[in-house]
Amino acid sequence: MERHRDALPSLYARTGKSKVIIITKQEWRYEDQLGHRFTFHPNMSFLRIKNMIQGVVDPMVTCSGMKPGDQVLDCTMGMGADAIVASFAVGEQGKVIALESQPEIAALVRQGLATYETKLVKCNQAMRRIQVVQTDYHTFLKAQPNQSFDIVIFDPMFRETVRSSAAMQVLKPLANPHPVEPFSVKEAVRVARKAVLLKERVYSTEFTRLGFEVVKKSSHYAWGMIRLGGNEDENSTTGHCRANCGRENST
């Protein structure tokens, strides 16, 4: 609907809605009556890709054995940073599908991935290649054939977000707060060929509860992994990850 010059409180009152997506020439923006605002930004994916181009290893890419041509399923897209980095890592011959259960986030991030311009051409190209699907990951996983993706990623919203991350503080009111359940991990293991990844807080009990081995820790988060077959360099990849943890980018 046309906004004309109406203030948002007037729109809320006239439509009976409590939240809107505002579409301008510059951007798509979410706002609601509680004062929450959300717009797309590639955030740390830009720096992670820039670092990878310069030879700095990315823990998600290295520990999972992600390679050009791989097919990656990001079950919890959120702001899309991991999906963007994965898209860069797998290249034009690979595929990244990013799932998002929350319709507002899915709409804004899908639009942002299709239109946002950074100063790094390879980052822009990586964003354009991502396929966004608005659905819950368990429903999607159940419908996939066995070993239909190389790598499956879970990065659920932390119960306690990193306060220094402005992007996560903005996203949290809109994000799906539900934890990953064992039955979804079981489906992910069935669907993946190489590995299933889980990102959580460093000392989270979710790794033990869900059966993941912690393979990388930083000051704010850790990566857990369930290593599967289908990776000819399985042993060397895991060793390389652990040997180089001090040199990867810290995002």
Side-chain angles (χ1 to χ4, degrees), residues 1-48 74-85 87 96-120 123-124 126-140 153-181 184 199-201 204 220-221 251:
M1 59 180 295
E2 291 286 343
R3 179 180 179 181
H4 302 295
R5 296 182 178 274
D6 287 354
L8 286 182
S10 297
L11 282 178
Y12 295 141
R14 178 153 57 89
T15 63
K17 305 295 184 181
S18 61
K19 53 188 178 182
V20 297
I21 291 179
I22 300 170
I23 299 175
T24 72
K25 292 180 180 179
Q26 291 75 34
E27 64 181 5
W28 287 25
R29 182 175 73 253
Y30 169 91
E31 293 198 31
D32 64 27
Q33 285 183 314
L34 298 177
H36 299 133
R37 294 166 58 96
F38 169 65
T39 58
F40 172 80
H41 189 278
N43 292 303
M44 296 307 295
S45 62
F46 175 86
L47 180 59
R48 289 168 67 182
D74 183 348
C75 289
T76 48
M77 179 178 70
M79 296 285 279
D82 289 334
I84 296 170
V85 173
S87 180
V96 174
I97 295 179
L99 311 181
E100 175 54 53
S101 63
Q102 305 304 97
E104 298 91 349
I105 298 175
L108 267 70
V109 175
R110 180 189 289 113
Q111 173 69 11
L113 291 171
T115 62
Y116 195 95
E117 293 284 343
T118 73
K119 296 181 180 180
L120 193 60
C123 183
N124 299 337
M127 288 192 291
R128 306 296 185 264
R129 291 194 294 266
I130 297 169
Q131 178 184 347
V132 177
V133 179
Q134 196 263 298
T135 185
D136 72 273
Y137 54 74
H138 188 67
T139 299
F140 187 91
I153 303 169
F154 292 102
D155 181 8
M157 180 60 65
F158 296 164
R159 307 284 81 75
E160 179 183 348
T161 52
V162 179
R163 294 188 181 276
S164 60
S165 174
M168 290 301 100
Q169 294 299 329
V170 169
L171 186 66
K172 188 172 184 179
L174 306 181
N176 187 330
H178 296 105
V180 179
E181 295 296 344
S184 293
K199 184 194 285 185
E200 265 288 350
R201 296 301 294 265
S204 173
H220 295 306
Y221 72 88
T251 58

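As the structure is a computational prediction, the values presented were derived from the model and not from experiment.
- Going from atom OG1 of Thr76 over to atom CG of Leu99 covers 8.5 Å, rounded to the nearest 0.5 Å.
- Contact between Pro156 and Glu200 at its shortest, heavy atoms only, is CG-OE2, 3.8 Å.
- A salt bridge links Arg128 to Glu117: one of the charged nitrogens lies within less than 4.0 Å of a carboxylate oxygen.
- Across Phe46 and Lys119, no two heavy atoms sit closer than the pair CE1-N, 4.1 Å.
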Practice prompt. Walk me through it: do Tyr221 and Asp155 pass the test side chain to side chain contact (heavy atoms under 4.5 Å, CB included)?
Written response: CA-CA 10 Å; Tyr221 72 88; Asp155 181 8; over 6 Å; no
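- Once rounded to the nearest 0.5 Å, the distance linking NZ of Lys17 with CG of Leu8 reads 15.0 Å.
- If you check the side chains of Asp32 and Ser18, you find no donor sitting under 3.5 Å from an acceptor.
- Judged by distance alone, the side chain of Glu31 and the main-chain N or O of Val20 form no donor-acceptor pair under 3.5 Å.
- Looking at every heavy atom in both residues, Glu181 comes nearest to Tyr137 through N-OH, 4.5 Å.
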Practice prompt. Would you sort out whether Phe38 and Val109 count as a side chain to side chain contact (heavy atoms under 4.5 Å, CB included), showing the intermediate values?
Written response: CA-CA 10 Å; Phe38 169 65; Val109 175; 4.1 Å; yes
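- Residue Pro42 comes nearest to Thr118 through the heavy atom pair CG-CG2, 3.8 Å, listed as atom of the first residue, atom of the second, then distance.
- Considering CD of Glu104 and CD1 of Ile21, their distance stands at 6.0 Å, rounded to 0.5 Å.
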Worksheet entry | Residue pair Phe40, Thr115: steps toward the side chain to side chain contact (heavy atoms under 4.5 Å, CB included) verdict | CA-CA 10 Å; Phe40 172 80; Thr115 62; over 6 Å; no
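- Under the rule for a ring pair (Phe, Tyr, Trp, His ring centres under 6.0 Å), Tyr12 has no partner lying at least two apart in sequence or in another chain.
- Side-chain contact between Asp6 and Arg14 is present, with heavy atoms from C-beta onward closer than 4.5 Å.
- Between atom CZ of residue Arg48 and atom SG of residue Cys123 there is a gap of 11.0 Å, rounded to the nearest 0.5 Å.
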Show the atom names and distances, to 0.1 Å, of all donor-acceptor pairs under 3.5 Å that link a side chain in residues 129-136 to residues at least two apart or in another chain.
{"unit_1": "Arg129", "atom_1": "NH2", "unit_2": "Ser87", "atom_2": "O", "d": "3.0"}
{"unit_1": "Gln134", "atom_1": "NE2", "unit_2": "Ser101", "atom_2": "O", "d": "2.9"}
{"unit_1": "Asp136", "atom_1": "OD1", "unit_2": "Thr139", "atom_2": "OG1", "d": "2.7"}
{"unit_1": "Asp136", "atom_1": "OD2", "unit_2": "His138", "atom_2": "N", "d": "3.3"}
{"unit_1": "Asp136", "atom_1": "OD2", "unit_2": "Thr139", "atom_2": "N", "d": "2.9"}
{"unit_1": "Asp136", "atom_1": "OD2", "unit_2": "Thr139", "atom_2": "OG1", "d": "3.0"}

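- Not less than 6.0 angstrom separates the ring centroid of His36 from the ring centroid of Tyr30.
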Fill in: Pair Ile84-Leu113, side chain to side chain contact (heavy atoms under 4.5 Å, CB included): steps then yes or no
CA-CA 9 Å; Ile84 296 170; Leu113 291 171; 3.8 Å; yes
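- Separation of atoms CE (Met44) and CE (Met79) is listed at 12.0 Å; rounding is to 0.5 Å.
- Atom OG1 in Thr39 sits 11.0 Å away from atom CD1 in Ile22 (nearest 0.5 Å).
- Between Ala106 and Glu100 the shortest heavy-atom distance is N-CG, 3.7 Å.
- Proximity of a side-chain donor or acceptor of Arg29 to a complementary backbone N or O of Ile23 within less than 3.5 Å is not detected.
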